[in-house]
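Have a look at the structure below before the remarks.
Count residues from 1 along the sequence.
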Amino acid sequence: MTEQLTYYLLRGLFGLLARLPWAVIHALCHATAFLIGRVVGYRRAVVRGNLSRSFPEKTTAELRQIERDFYLQFAYNFLSTPKLLHQSPEHLTKEHFIMPDLSPLVEAAKEYDCVLVALGHYGNWELFSTGQIQLTTIGYSMDQVYRPLKSRALDRLFAEQRQRFGARLVAKDKIARHIVEYVRAKDGRHWFVAMITDQAPGIGHATYFTDFLHQPTAILDGIERLGKKYRLPIFYFDIERRSPIQFVGRYVPIYDPAEGDLPVYTVTERYARMLEANIQRDPAAWLWSHKRWKRPLENYPEAVRSARLQALLDSEQDN
């Protein structure tokens with residue numbers, strides 16, 4: 001009963017946000033960013049710690065500016081999304097979530113029935129499902145891999161948002177089964193499987209560490225394992241943030257099955273480098289409040305270390 005009431009209250013709030021003028025939305029986002037960033041200090045210690053370790057070359061003033069910009073984007077991600085998702089499909093794809101070049105996916109469809117796409121918590125990831133609008137024009141159906149939320153009310157609400165334009169949600173533990181079905185079907189349909197893969201791995205899944213943003217970091221390798229096992233191409237979705245409500249996404253190849261048997265974690269390392277470059281280009285657009293480095297390297301002596309990470313550790317020892 002409580003979850004149901006919560007759902008309807010939140011749905012009412014989202015409906016109200018969708019109907020507010022943009023001037024009011026902008027004012028709300030700026031006020032909320034100030035409140036959570038400077039007054040409440042939501043995860044401020046986590047944000048500051050993550051930023052200072054990731055950008056040791058930046059001054060305190062520069063880091064504080066990134067912090068303020070992060071909290072502003074964070075506010076926009078939640079308060080502007082209901083309004084954005086109520087825009088017309090044409091307006092969304094021209095003004096807010098723009099994918100100017102779908103040719104990499106068109107080329108992949110000539111040989112493969114399914115592609116895998118890796119992205120991060122960068123920009124407004126709640127808008128990613130609107131990509132189905134443009135994917136439909138080239139014959140793709142989108143599956144978004146997700147982990148169900150503990151709150152059934154929030155889970156239901158976000159599921160409705162993410163499936164508004166035809167994309168589907170597939171639970172993380174069921175995606176392999178879906179991919180097998182897509183590969184075996186051979187029915188002329190093409191599938192697009194999107195995975196956000198920049199979270200801290202679970203306790204038993206921190207098997208690969210690399211130097212990411214100047215620190216030892218455990219990187220999830222699930223998308224590499226799926227791509228290699230089922231011989232599917234993998235793309236990185238690179239995001240350019242033009243404003244808190246406008247994003248341009250481009251598909252960058254990470255892995256082509258025609259490359260043959262690559263060394264283990266090669267694809268995972270490529271993903272880490274592309275995501276890192278994306279973050280360094282515009283740091284405030286990433287989710288800095290996430291406890292990304294809660295899996296310290298010393299707790300995983302058996303984990304594989306990248307050559308890049310080993311070089312970093314060796315240089316620190318020499319110093």
Could you check Ile239, Asp198, Asn278 and say which one makes a side chain to side chain contact (heavy atoms under 4.5 Å, CB included) with Trp286?
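With Trp286 as partner, side chain to side chain contact (heavy atoms under 4.5 Å, CB included) holds for just one option, Asp198.
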
[X], [atom1] atom: more than 12 neighbouring heavy atoms under 6.0 Å:
{"X": "Arg64", "atom1": "CZ", "value": "yes"}
{"X": "Asp261", "atom1": "CG", "value": "no"}
{"X": "Glu302", "atom1": "CD", "value": "no"}
{"X": "Arg147", "atom1": "CZ", "value": "no"}

Considering only heavy atoms from C-beta outward, does the side chain of [X] approach that of [Y] to under 4.5 Å?
{"X": "Met274", "Y": "Asp238", "result": "no"}
{"X": "Leu85", "Y": "Leu127", "result": "yes"}
{"X": "Asn124", "Y": "Tyr76", "result": "no"}
{"X": "Tyr182", "Y": "Val193", "result": "yes"}
{"X": "Leu213", "Y": "Arg53", "result": "no"}
{"X": "Tyr251", "Y": "Phe237", "result": "yes"}
{"X": "Tyr146", "Y": "Met195", "result": "no"}

How are the rings of Phe128 and Phe97 set to each other: parallel, tilted or perpendicular (split at 30° and 60°)?
perpendicular

If you apply the rule side-chain contact (heavy atoms from CB on, under 4.5 Å), what do you find for Tyr71 with Arg38, and how did you get there?
CA-CA 9 Å; Tyr71 279 114; Arg38 298 211 192 175; over 6 Å; no

State, to 0.1 Å, how close [X] and [Y] come at their nearest heavy-atom pair, and which atoms those are.
{"X": "Tyr236", "Y": "Leu119", "result": "CE1-CA, 4.5 Å"}
{"X": "Pro216", "Y": "Leu313", "result": "CG-CD2, 4.3 Å"}
{"X": "Ile66", "Y": "Ala284", "result": "O-CB, 3.8 Å"}
{"X": "Leu79", "Y": "Ile25", "result": "O-CD1, 3.8 Å"}
{"X": "Trp288", "Y": "Ser54", "result": "CZ3-OG, 3.5 Å"}
{"X": "Ser289", "Y": "Arg43", "result": "O-NH1, 2.9 Å"}

From [X] atom [atom1] to [Y] atom [atom2], the distance as rounded to the nearest 0.5 Å:
{"X": "Leu232", "Y": "Ile223", "atom1": "CG", "atom2": "CD1", "answer": "10.0 Å"}
{"X": "Asp113", "Y": "Arg184", "atom1": "CG", "atom2": "CZ", "answer": "13.5 Å"}
{"X": "Gln215", "Y": "Trp293", "atom1": "CD", "atom2": "CH2", "answer": "4.5 Å"}
{"X": "Ser243", "Y": "His26", "atom1": "OG", "atom2": "NE2", "answer": "8.0 Å"}
{"X": "His205", "Y": "Arg295", "atom1": "NE2", "atom2": "CZ", "answer": "10.0 Å"}
{"X": "Ile138", "Y": "Leu105", "atom1": "CD1", "atom2": "CG", "answer": "4.5 Å"}

Counting only N and O atoms by type, is there a donor-acceptor contact under 3.5 Å from the side chain of [X] to the main-chain atoms of [Y]?
{"X": "Arg162", "Y": "Ser129", "answer": "no"}
{"X": "Lys228", "Y": "Leu262", "answer": "yes"}
{"X": "Asp143", "Y": "Ile175", "answer": "no"}
{"X": "Thr93", "Y": "Glu90", "answer": "yes"}
{"X": "Lys83", "Y": "Trp22", "answer": "no"}
{"X": "Asp155", "Y": "Lys150", "answer": "no"}
{"X": "Gln65", "Y": "Glu62", "answer": "no"}
{"X": "Thr137", "Y": "Gln134", "answer": "yes"}
{"X": "Gln132", "Y": "Phe165", "answer": "no"}
{"X": "His121", "Y": "Leu287", "answer": "no"}

Does one side chain, of Asp314 or Gln310, offer a donor that lies under 3.5 Å from an acceptor on the other?
yes

Any side-chain donor near an acceptor of the partner, Tyr271 and Glu224, under 3.5 Å:
no

Is the distance between the ring centroids of Tyr42 and Phe74 under 6.0 Å?
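Centroid distance Phe74-Tyr42: below 6.0 Å, so yes.
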
What about the rings of Phe55 and His214, do their centers lie closer together than 6.0 Å?
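That pair fails the under 6.0 Å test.
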
Are [Y] and [X] linked, directly or through intermediate hydrophobic residues, by side-chain heavy-atom contacts shorter than 4.5 Å (ILVMFWY only)?
{"X": "Val248", "Y": "Tyr122", "result": "no"}
{"X": "Leu17", "Y": "Ile36", "result": "yes"}
{"X": "Leu102", "Y": "Ile98", "result": "no"}
{"X": "Phe158", "Y": "Leu9", "result": "no"}
{"X": "Ile245", "Y": "Leu28", "result": "yes"}

Determine whether Gln161 and Arg164 satisfy the following criterion, side chain to side chain donor-acceptor pair (under 3.5 Å), listing intermediate values before the conclusion.
CA-CA 5 Å; Gln161 279 197 162; Arg164 181 177 177 83; over 6 Å; no

Check against side-chain contact (heavy atoms from CB on, under 4.5 Å), Leu157 and Arg11:
CA-CA 7 Å; Leu157 195 65; Arg11 188 176 180 185; 4.0 Å; yes

Verdict with reasoning, Gln163 to Leu169, per side-chain contact (heavy atoms from CB on, under 4.5 Å)
CA-CA 7 Å; Gln163 297 179 103; Leu169 294 182; 4.0 Å; yes

Can you name the residues that form a side chain to side chain contact (heavy atoms under 4.5 Å, CB included) with Asp101, not counting sequence neighbours?
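Ser103, Pro104.
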
Below 4.0 angstrom, N of the basic side chain to O of the carboxylate: do Arg177 and Glu181 qualify?
no

Trace of the side-chain contact (heavy atoms from CB on, under 4.5 Å) decision for Phe212 with Arg273
CA-CA 8 Å; Phe212 180 76; Arg273 301 282 66 82; 4.3 Å; yes

Do Arg44 and Glu67 pass the salt bridge (charged side-chain N to carboxylate O under 4.0 Å, His left out) test, and can you show the C-alpha distance, the side-chain angles, and the key distance before you say yes or no?
CA-CA 9 Å; Arg44 186 161 53 198; Glu67 178 186 314; 5.2 Å; no

Please test Glu160 against Arg156 for salt bridge (charged side-chain N to carboxylate O under 4.0 Å, His left out), starting from the C-alpha separation and ending with a verdict.
CA-CA 6 Å; Glu160 289 174 358; Arg156 181 180 172 187; 3.7 Å; yes

Is there a salt bridge (charged side-chain N to carboxylate O under 4.0 Å, His left out) between Asp69 and Arg241 once you walk through the steps?
CA-CA 12 Å; Asp69 291 346; Arg241 182 179 67 142; 5.3 Å; no

